[in-house]
Amino acid sequence: MVDKWNLVVDVEECINCYNCTLAVQDEYAEVSHVGYSAPMPKHGHRWIDILRGERGGFPILDVSFVPTMCNHCDNAPCVAAAENGAVKKRDDGIVVIDPDKAKGQKQLVDACPYGAIWWNEDEQVSQHWNFDAHLIDDGWQEPRCVNVCPTGALKSIKVKDSEMTKIVAAENLETLKPELGTMPRVYYKNLYLYDKVFIAGSVTKTANGREECADGVAVTLINSLTTFAEIITDEFGDFKFDGLEKNSGAYQLQFRYENSTVATKKVELGASIVLELTI
Amino acid sequence: MAMQGLGKPGVNFGVMQSGTPVNLRFYFPGYAEGGISGDLEHTASAVNLYQRMPHLPTVNTVNQRIPKILLPEAIMEGEAEGHPWNAKTIDGQFFRFKYPAPGHARVQMLYKYGGSFIGTGADTNRYVNMYQSDKLPFVVSQAIWMEGETKFADIILPACTSMERWDISEWAGTHGYTQHSQSQLNHRVVTMQHKCIEPLGESKSDYDIFVEIMKRLGMSAYYSEGMSELDWVKRMFDASDLPDYISWKDFIKKGYFVVPAENEKLRQPVSYRWFWEGKKRDIPEAAPLPGDYTEEFLSGLQTQSSKFEFEAQSLKRFDPDDPERPPIVKYNRSWEFDDAKYASEYPLQLVTPHSRYSFHTHADGKDSFINDIPDHRVEIDGHFYWVLRMNADDARDRGINRHDIVKVFSDQGAVLCAADPTERLPRNVVHGYEASAVYEPIGKPGKSIDRGGCLNLLTSKRHQIKKSHSMSSASTIVEVELWRGDAEISGDSDQQNQNPLETRNIKDEVETVDGR
């Protein structure tokens with residue numbers, strides 16, 4: 001068993017600085033890496049692209065940023081769709097579109113379910129982020145995007161698949177669109193910040209004729225299937241149940257304060273919900 | 001912080017010292033500390049650099065000045081007043097100066113370096129109109145890029161980029177203007193800026209441009225001292241503390257030098273710790289100057305009482321009754337909310353922070369990669385539009401969806417942007433960065449919509465208070481609507497443009513620089 005390359009993207013750490021996207025442009029735009037890639041167009045391609053998600057609204061909202069790129073799938077649809085072996089899956093896990101053999105093969109763009117393949121009209125070739133294969137083969141220990149990431153949101157790992165399986169389990173990593181069976185080698189940590197929703201709220205109470213933050217309120221969330229772990233509101237009276245499935249139907253919240261139930265609320269969960277209530 | 005004890009462990013500005021514990025005693029001249037044929041009076045050259053690198057100084061015999069924010073008024077109305085920035089003492093900012101100065105001639109020529117005013121100033125259609133006015137007879141633009149206001153110049157002297165000339169500098173080295181700016185870094189780094197290629201086209205380095213001008217004035221020997229750019233780089237190297245650590249040859253070869261951190265025992269103490277301990281100041285700071293101490297030398301803060309003041313004694317002496325800046329800070333409702341048009345025509349407040357993906361106009365425009373960052377500019381039909389963020393409900397009310405082209409406007413001007421509705425803004429607030437490098441009026445410059453993204457066309461030219469020199473860019477009120485394809489700023493019938501989509505391409509009227 002050989003060591004293979006993997007990329008781990010931690011959504012919690014990405015700050016949308018676009019250094020990764022810019023590093024790719026710096027490395028590939030208008031530059032040919034013979035045998036690896038034809039010149040990337042100066043504008044119009046984003047081989048590493050960042051998705052933005054916003055959840056909730058005032059007073060509780062959050063934003064997440066998700067760098068996406070070629071997933072270097074073990075079961076790559078582009079490899080299947082390629083003619084004349086134009087797309088190769090290497091022994092180290094990296095997928096490379098051959099810049100010469102792939103000429104004219106526009107079908108590769110639609111073959112990729114992640115939108116990670118881009119058509120270069122001038123060069124008449126399909127292109128993608130190739131893990132900086134030419135740098136890796138030259139001895140680089142990591143691709144440029146990992147090198148320039150200021151927060152450690154992007155990490156590359158070269159290990160045996162058996163080792164990677166352990167890491168995936170230990171760190172709760174996910175891939176994009178796992179239902180397609182493409183078996184990506186790009187993993188995501190804390191992806192729930194982007195693709196799950198929350199039920200959150202801010203609780204106030206009236207005390208001494210004033211509206212005050214209500215800390216210490218015990219909030220329980222229930223739906224027909226689960227009773228979620230209880231959350232106690234913090235100093236700001238805030239609580240947040242995160243990691244819930246979008247459009248997952250009816251939920252009930254119960255609020256207990258100083259040994260009595262002070263409120264209940266029923267909600268229908270589509271996108272994230274923010275409640276404001278006074279007890 | 002004052003109530004808790006400024007300088008007490010855990011109660012301080014900044015981190016650790018006044019930043020990271022870099023060696024602040026290592027000398028390398030900052031960008032306002034003089035240099036080639038340096039200005040002794042308006043830089044900090046006289047303090048250090050001039051001693052270490054004696055050279056022929058340049059002295060400006062003209063004592064006249066104009067506040068930058070009122071340059072258009074000075075030119076077009078013939079007068080302007082302002083308050084100066086003063087590095088020596090707090091009281092220095094209380095003086096008021098006038099243009100024209102007594103007995104002085106009026107401005108006949110503007111020699112402008114770079115083209116960024118329109119994208120970075122305030123209420124900048126004033127500058128656009130100034131450039132087109134007969135009252136400014138002659139304009140020279142020394143610029144790398146054909147963008148912004150450079151297109152208005154009578155003569156353009158193309159400058160090369162920093163890749164095409166020799167230079168030497170330090171990261172975040174703004175000293176002479178700000179103090180200890182390097183303490184925001186983890187390490188002090190001095191870099192050799194190698195010349196990689198010869199200047200492209202007809203461009204020259206700034207230094208060579210100045211030498212050529214000096215030749216025609218018969219003073220190039222004095223200005224250049226017979227030195228090439230690389231010679232000056234070596235002189236700066238020799239004037240700094242670098243030779244104590246690294247040879248010139250090794251420095252050129254390596255390309256940079258990381259200044260080692262000071263031995264822990266010799267490290268300067270924590271900022272303000274002396275104040276909390278009631279001792280004399282024991283950290284290397286430029287201010288207050290010795291003559292500015294109220295009590296003994298090195299005792300107390302740079303205030304009239306030497307103490308931390310809640311009631312500013314300097315203001316009490318200058319103008320205790322100034323309603324805009326009273327000696328004790330009070331809340332003042334900002335003027336734009338009382339503007340009659342706020343309630344009726346311009347209900348949105350525009351904030352224009354510094355650009356995230358560029359340093360001022362540096363990386364914007366000029367066909368840069370940055371254009372492809374969708375949070376910076378959005379490509380729609382081949383044009384890269386500046387991004388305007390607005391509250392999602394405000395957008396919905398106006399029928400605006402993500403990446404619709406919108407017109408953001410006030411009485412001062414109008415700009416086309418790509419809309420970005422978001423929950424991250426409250427109602428009635430819109431957000432777009434300042435510092436567009438591109439000024440692209442659809443019709444007549446100064447009187448039509450800008451498609452380049454210069455939101456600074458809309459900001460206020462008012463100082464924050466009358467008795468200071470300050471920008472109040474956040475006090476801007478606007479309206480936003482879907483762009484109907486017109487060129488007018490706000491339906492003013494004087495500006496009816498018969499062919500609204502005809503773009504007047506100013507570029508075509510001026511020779512462009514090769515390769516850009």
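Please read these numbers as outputs of a predicted model, since none were measured by experiment. Basis for what follows: all heavy atoms, side chains included, without hydrogens, waters or symmetry-related copies. Here is the naming used below: chain letters follow the sequence lines, and residue numbers restart at 1 for every chain.
- Environment of CH2 in B:W171: sparse, with no more than 12 heavy atoms of neighbouring residues, nucleotides or ligands closer than 6.0 Å.
- Not counting sequence neighbours, the partners of A:Y251 by the side-chain hydrogen bond (donor to acceptor under 3.5 Å, both in side chains) test are A:S248.
- Not a single donor-acceptor pair under 3.5 Å links the side chain of A:K42 to the backbone N or O of B:S368.
- Neither the backbone nor the side chain of B:D393 comes within less than 4.5 Å of any heavy atom in chain A.
- More than 12 heavy atoms of other shown residues, nucleotides or ligands fall within 6.0 angstrom of atom NZ in A:K196.
- Residue-environment remark: NE2 (B:H187) stays at or below the threshold of 12 foreign heavy atoms within 6.0 Å.
- Residue B:H362 qualifies as open at atom NE2: its count of foreign heavy atoms under 6.0 Å is 12 or below.
- The stretch residues 43-55 of chain A places A:H43, A:G44, A:R46, A:R52, A:E54 near chain B, each with some heavy atom under 4.5 Å from a heavy atom of that chain.
- Applying the 6.0 Å contact sphere to CZ of B:F337 captures more than 12 heavy atoms from other residues, nucleotides or ligands.
- Of the listed residues (B:Y357, B:F384, B:F369), the one with the most heavy-atom contacts under 4.5 Å to chain A is B:F369.
- Of the inter-residue distances, the one linking B:R427 atom CZ with A:F58 atom CZ reads 14.0 Å to the nearest 0.5 angstrom.
- A:N16 touches chain B through backbone and side chain together, each having a heavy atom under 4.5 Å away.
- A 6.0 Å sphere centred on NZ of B:K254 holds no more than 12 heavy atoms belonging to other residues, nucleotides or ligands.
- Heavy-atom contacts from other residues, nucleotides or ligands closer than 6.0 Å to NZ of B:K195 number more than 12.
- Inter-residue side-chain proximity for B:D372 and A:T21 is flagged as unmet; no heavy-atom pair is nearer than 4.5 Å.
- Interface check for chain A: of the options B:D367, B:D375, B:N371, B:T422, the most heavy-atom pairs under 4.5 Å are formed by B:D367.
- Looking at B:R424, the atoms closer than 4.5 Å to chain A (heavy atoms on both sides) sit in the backbone and in the side chain alike.
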